[in-house]
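Model, not experiment: these values are computed from the prediction. Quick note on labels: first sequence line is chain A, next is B, and so on, each numbered from 1.
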Number of protein chains: 2
Amino acid sequence: QPTYGKGRCSCVDKGSDLVQPKALGKIEVIPKSSSCDHVEIIATMKATGVQRCLNPNSKRVQKMMTTLIKKRSSQSTHR
Amino acid sequence: QPTYGKGRCSCVDKGSDLVQPKALGKIEVIPKSSSCDHVEIIATMKATGVQRCLNPNSKRVQKMMTTLIKKRSSQSTHR
């Protein structure tokens, strides 16, 4: 879970490799900056509102992000 | 720009295809839900804090998202 204000970065560890795509609500991608030297990905669970850090170095997480955008947008008529 | 509360979705149009990666701050990916039938991508500009909708159907935006995560995470020693 993200710990805002505790350190320089929002996530205390490298984050999770595993995530249930169906459980996902909003996903925030926070680029590296002067306050944190690496990109961070924070997912908010749809049902509970709980926030979890995802590991941006995980191939699984990277693939999940791509799939999420491509799949969900192609189902839409909104072009 | 996103218009919260004005309609069912946060973005009024399909969003921008063009974005300067260096100008990007936080990026939010909002999956489709009961209140909006397609995925939305909202970027916050680093310097100004201005929010802009990006087109999730744009190949350029999809590529930018992938590059952002992969490039910035590989520069880090945080694994």
Hey, what do you get for [atom1] ([X]) to [atom2] ([Y]), rounding to the nearest 0.5 Å?
| X | Y | atom1 | atom2 | result |
| --- | --- | --- | --- | --- |
| A/I69 | B/N55 | CD1 | CG | 11.0 Å |
| A/K59 | B/K70 | NZ | NZ | 5.5 Å |
| B/S34 | A/K46 | OG | NZ | 9.0 Å |
| B/T66 | A/K63 | OG1 | NZ | 11.5 Å |
| B/I30 | A/E28 | CD1 | CD | 9.0 Å |
| B/K32 | A/L68 | NZ | CG | 11.0 Å |

